[in-house]
Protein chains: 2
Amino acid sequence: MSGPTIYDVARSAGVATSTVSRAFTNPARVGEATRTRVLEVARELGYEPNPHARALTSNRTQTVAMVVSDITNPHFFELIRGAEMRAKAAEYTLVLVNAEESPRIEQEQIRRVARSVDGFLLAASRQPDADLAELAASRPVVLINRQVRGVPSVVVEHSEGCRQMVAHLASLGHTSLVYLAGPRNSWMAGSRWAAIRAAATELGVTAHRSGPYAPTVSSGGAAADAAIGTGASAIIAHNDLLAIGVLRRLAQRSVRVPDDVSVVGFDDIFAADLCTPALTTLGGPHEQVGRAAVEILLDSLTTRQDRRPALHVAPPSQLVIRDSTGTPLGAAPQRQGGAG
Amino acid sequence: MSGPTIYDVARSAGVATSTVSRAFTNPARVGEATRTRVLEVARELGYEPNPHARALTSNRTQTVAMVVSDITNPHFFELIRGAEMRAKAAEYTLVLVNAEESPRIEQEQIRRVARSVDGFLLAASRQPDADLAELAASRPVVLINRQVRGVPSVVVEHSEGCRQMVAHLASLGHTSLVYLAGPRNSWMAGSRWAAIRAAATELGVTAHRSGPYAPTVSSGGAAADAAIGTGASAIIAHNDLLAIGVLRRLAQRSVRVPDDVSVVGFDDIFAADLCTPALTTLGGPHEQVGRAAVEILLDSLTTRQDRRPALHVAPPSQLVIRDSTGTPLGAAPQRQGGAG
DNA sequence: TCAAGGGTGACAACCGGTTGCCAAGGGTTG
DNA sequence: CAACCCTTGGCAACCGGTTGTCACCCTTGA
């Protein structure tokens, strides 16, 4: 039915099955000549180790799972790509898991695949800290764009990026801005707002927050309306999708960007460069983040579990200035001062 | 170490392990009362079947692999999303595999995961027909946007779509067009060209072909230059990425779209609606295609292998008319008549 | 009351590797 | 030449389920 087994190889090579097994998994444990011969025979026979049989005793599956909060979000594509490539280079397989923006589904799915994978990459997890810490205690985990004490993570550096973003707006003459927040349980949303607020205070800019909003184009309508209501001349959207939705709504309402209001996003997705006006956004080396996360995860698979450092890698974000930010012309729409 | 096994459950429930196993996998084979009790005990103990142990004998992994020609291409995202969701609904896990536009890598990767998955979804496979037929003979396979005799597939209906596209251009007054072809080993590229040419002939439009080009934005520059060289007033790009690259190059060269030349793409990716001018494109229900493909694959996993129909599902494509197509103004750029 | 038969559950072999432990063989040293 | 050590290979138990086969028990009908 399916290919040859170590038994076939052992018979052909005239050795014991244990020797064949060791020739593959523990080269030091078997003589050079024997090993060469075994590998030779294996190649001739077209032998491929059965991953399940292997996993059964060794508990190694050569597979890692990447859980993303929403597979729909183009932001993750680069992340996925980076992770996939790094995994492939290490001869690991990547399993893609969609959490559909639900902590419950996220947890269910993690349980479902837990036995089949060696570790988890959790991108923008929506689960509470405690649950993540617990999971990390039992299985190798690397968080992406999420930080939990004691759990290794890769987070795009964004506090300096947020500062640059606010400084950019301030330098254009904006004195008030509104942050359209992402989902309530998004760590990034909280973290960004903190950074934005700090930078705003430092630079003498008024900052409001509105939301939470789903990080999707379709949420942009409501978000835009709320933003205009605040009277701010600059809008910082939680991500590019939301920003694009905002741009659409503003165009509908004949609010000019950037003349009447400036708009910025986060992530620098492919579409940010294509929309009209092209979106100013805080991008990051997402593909590299995906790579790095896999790397750390693979490391922690080989390191003794008890004492491995919980490192937090933070590659720099980059402010990409395009056409959606500019000097606020004349009287910015200070229609009213209500908060979001 | 890791959770309870059927042995624990069997002991707690006072039955044999085989009974526990059957309670899960073959409910009819065990008494109703016993079964209830076993499941009850299993739940209490937090028992989860070990997928590898299960796979070892049963050869069922509850996992399917989706191989895409290039994970970078946003076109696949909807496909992936649809497939992922359908798989999840059936309690299957989706493994994502990237072929990097290389038939060799594609085959290698397939071999690598072959033992770990129940079947394959091959999206836009770049492998020769013979190899696909061979693979399909040994393992359940569903092709996506690729057609091979005897292998089940889901292909977005495009010949009628191409006709509509050409008819649309003709009705605007275009009398010559150029097709910027996709990769040489892309089945879609060949198939689309055939449909376009047929429609062009039928409608009295001159059709040229140029290429092949990589289906990426960065290939758009060379493609645009070649297209202009043909003197055609309408450009049909192999996909939206290429079309967007063409639009960029045309803008650089101050060729107006659609006044000087019309541009259309394929796939209707998210960005097609955002670029300037917004791209006319032949879209398809990609998410639904992903779903359907998984469905067929799952079917074929349960059906007896020998006689299962090699069905070819073809959901309709849809011409989305935006701003990149229009009436050719004045003298179209008939600078020269050379072919591509 | 007894035999036949269907429904249930147990036994045990097996899937294909991994790995602890032991033994044999060869080389080295005193 | 003997004692010893180290390298290398084999034996066999085990990982956690699945499944063919068989025995048993209870029901049903004669």
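In what follows, chains carry the letters A, B, and so on, assigned in the order in which the sequence lines appear, proteins first and then strands, with residues in each chain numbered from 1. All values below were derived from every heavy atom in this structure, side-chain atoms included, with hydrogens, water molecules and symmetry-related copies excluded.
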### Task
Please check the phosphate of dT18(C) (OP1 and OP2 only) for any side-chain N or O of Ser21(A) closer than 4.0 Å.
yes
### Task
Mind calculating the distance between CZ (Arg54(B)) and C1' (dC15(C)) to the nearest angstrom?
15 Å
### Query
At under 4.0 Å, does any side-chain N or O of Arg29(B) touch on OP1 or OP2 of dT8(C)?
no
### Query
What is the distance from CZ of Arg11(B) to C1' of dG16(D), rounded to the nearest Å?
14 Å
### Query
Between dG17(C) atom P and Asp8(A) atom CG, what is the distance in whole Å?
9 Å
### Query
5'-most contact on DNA chain C: Thr17(B) or Ala53(B), nearest heavy atom basis?
Thr17(B)
### Message
Please check if the number of heavy atoms outside Glu44(A) that lie under 6.0 Å from its CD is greater than 12.
### Response
yes
### Message
Students often get this wrong, so: under 4.0 angstrom with heavy atoms, is Glu32(B) touching a base, only sugar-phosphate, or nothing?
### Response
nothing
## Note on the structure
Which of Glu134(B), Arg146(B), Gln147(B), Arg149(B) passes side-chain contact (heavy atoms from CB on, under 4.5 Å) with Asp129(B)? It is Arg146(B)
### Task
In whole angstrom, give the distance that lies between atom CG of Asn50(B) and atom P of dC15(C).
18 Å
### Query
With a 4.0 Å cut-off on heavy atoms, is Phe24(B) in touch with a base, just the backbone sugar-phosphate, or nothing at all?
nothing
### Task
Return no unless some side-chain N or O of Ser18(A) is found under 4.0 Å from OP1 or OP2 of dT19(C).
no
### Query
To the side chain of Thr19(A), which of dG17(C), dT8(D), dG10(D) is closest?
dG10(D)
### Between dT18(D) (P) and Arg22(B) (CZ): distance, integer Å
10 Å
### Tyr47(A) ring center within less than 6.0 Å of Phe24(A) ring center
yes
### Task
Please report, rounded to the nearest Å, how far the C1' atom of dC15(D) is from the CG atom of Asn59(A).
8 Å
### Message
Side-chain N or O of Tyr7(B) versus OP1/OP2 of dT18(D): is the shortest distance under 4.0 Å?
### Response
no
### Query
Just how far, in rounded Å, is C1' of dC15(D) from CD1 of Ile6(A)?
13 Å
### Query
For the residue pair Phe77(A) and Phe77(B), does the interplanar ring angle fall in the parallel (under 30°), tilted (30 to 60°) or perpendicular (over 60°) class?
parallel
### Task
Report the C-alpha separation of Arg112(A) and Thr93(B) in whole Å, then their side-chain angles, then the decisive distance to 0.1 Å, and conclude whether the side chain to side chain donor-acceptor pair (under 3.5 Å) test is met.
CA-CA 9 Å; Arg112(A) 237 179 63 63; Thr93(B) 300; 2.6 Å; yes
### Query
Rounded to whole angstrom units, what separation is found between the CG atom of Leu56(A) and the P atom of dT18(D)?
12 Å
